[in-house]
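First the structure, in the form of structure tokens, and then the observations on it.
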Amino acid sequence: MPELPEVEVTRRALAEELTGARIEAVVIRVPKLRLAIPSELVELLPGRMLRGVGRRGKYLLLSCGDGWLVIHLGMTGHLRVLPAGTPPGKHDHLDLVFSGDRCLRFNDPRKFGTVFWTTGDPHAHPLLVEIGPEPLGGDFSGDYLFSASRTRTVAVKQLIMKASVVAGVGNIYANEALFISGISPSRPAGSLSREECNRLASTIRTVLQKSIDQGSTIMDFRVAEEPLRYHPLAFRVYGRRGEPCFGCGGKLEEVRLGNRSTVYCPACQR
DNA sequence: AGAATTACCTGAGCGC
DNA sequence: TGCGCTCAGGTAATTC
């Protein structure tokens, strides 16, 4: 499942591979994602040059002439750059054919992804405008988290997964950051001390940054034919219910918060 | 306003 | 082998 680090690694690879290339054709095979792929892309995009690739949370922002193609990979979305003419497979919903006989192909089995076109400032688009600070940016800090959580009764894990509070923190990294911070995911957000908010914010930053750094070395999706899967041992708590805590050896437990699987160590996280 | 819930979708894993 | 079931989860929309 693409989390922020994969989206960032994808952004870098896309930028490196396709910046300056011209879109020659657009093929929409399956428009019916959760939000439909607009059919106008077929007329809108050809002839435009990809000027650069940005990111806001988990949204990829492809600067194309005077507008932006915005792509969200959802749960199972995946982008690959393939030689033009590569036969499409199952769930290959969208192709952007670029100059140099390259095809940017969007595949998404569960169709939770999103593709749309916007002109002007993409950050002002209704789907992006309410998003909170970037976790790796200067506006996200312990002080910010402290003030954003004061009146909140919801579990801290749900708070840090809320896009309007901080951008792009998904279930995996919420679990991991809370474990590393030693904070129980069920704690009411407003009960965290300033010191705990500092620790949590700082951990969110480092855990995401580390994953980006590692991903950058192994995720060469320009040649990869298959979506990269997480190594089962890559995480300290996520996916490890019932297994021993790496800190104390005790058994990791699972609760559901906001209908999301939450794994934690009852001894190490308070 | 904040919290809770639902909808969207298919592959994987399971019991039988 | 295959059927039916449950689970996984990001985000928008809806409801309370």
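Reminder, nothing fancy here: chain letters follow the sequence lines and each chain counts from 1.
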Should A:Lys32 be listed as having a side-chain N or O under 4.0 Å from OP1 or OP2 of B:dC8?
no

Atom-to-atom span, CG of A:Asp92 to C1' of B:dT10 - whole angstrom:
15 Å

Rounded to the Å, how far apart are A:Ile172 CD1 and C:dA8 P?
13 Å

A:Ser261 and A:Glu254: side-chain donor and acceptor closer than 3.5 Å?
yes

Here's a test of your reading of the structure: between A:Asp108 and A:Asn259, which maps to the more 5' nucleotide of DNA chain B?
A:Asn259

Using OP1 and OP2 only, check whether a side-chain N or O of A:Tyr238 sits under 4.0 Å from C:dA8.
no

What is the separation between atom NZ on A:Lys90 and atom P on B:dC9, rounded to the nearest whole Å?
15 Å

Using 4.0 Å as the upper bound for N to carboxylate O, is an ion pair formed by A:Arg34 and A:Asp108?
no

Can a side chain N or O of A:His91 be found less than 4.0 Å away from OP1 or OP2 on B:dG11?
yes

What integer distance in Å separates A:Ile71:CD1 from C:dG10:P?
19 Å

Do A:Arg240's NZ or CZ and the ring of A:Phe179 fall within the cation-pi criteria of under 6.0 Å and 45°?
no

Ordered by number, residues from residues 146-166 of chain A within less than 4.0 Å of DNA chain C (heavy atoms) are A:Met161

Could you grab the distance from atom CG of A:Leu50 to atom CG of A:Leu104, nearest 0.5 Å is fine?
8.5 Å

Side-chain contact check for A:Lys58: nearest option of C:dT11, C:dG9, B:dT10 is C:dT11

Select base, sugar-phosphate, or nothing to describe what A:Ser261 touches, counting heavy atoms under 4.0 Å on all strands.
sugar-phosphate

Does C:dG9 have OP1 or OP2 sitting under 4.0 Å from an N or O in the side chain of A:Tyr173?
no

May A:Phe112 be described as stacking on the base of B:dC8, applying a 5.5 Å centroid limit and a 30° limit on plane angle?
yes

Quick one: pull up CZ in A:Phe112 and NE2 in A:His72 and give me the separation to the nearest 0.5 Å.
12.0 Å

Any donor-acceptor pair under 3.5 Å joining the side chain of A:Arg260 to the base of C:dG10?
yes

I'd like to know whether A:Leu69 forms a side chain to side chain contact (heavy atoms under 4.5 Å, CB included) with A:Val115, so could you lay out the CA-CA distance, the side-chain angles of the two residues, the decisive distance to 0.1 Å, and finally the verdict.
CA-CA 7 Å; A:Leu69 187 68; A:Val115 178; 3.9 Å; yes

What's A:Leu127 touching, base or sugar-phosphate or nothing? Going by heavy atoms closer than 4.0 Å.
sugar-phosphate

Give the rounded distance in Å between these two atoms: NZ of A:Lys111 and P of B:dT10.
4 Å

Between CG on residue A:Leu45 and CG on residue A:Leu96, distance to nearest 0.5 Å
6.5 Å

Gap between atoms CE and P, on A:Met75 and C:dG9 respectively (whole Å)
6 Å

Atom CG of A:Leu4 to atom C1' of C:dT11: distance rounded to whole Å?
15 Å

Do any side-chain nitrogens or oxygens of A:His72 fall under 4.0 Å of OP1 or OP2 in C:dT11?
yes

Pi-cation contact, A:Phe146 with A:Arg194 (under 6.0 Å, within 45°):
yes

Write down the distance between CG (A:Leu73) and C1' (C:dA12), rounded to a whole number of angstrom.
17 Å

Under 4.0 Å between a side-chain N or O of A:Arg256 and OP1 or OP2 of C:dA8?
yes

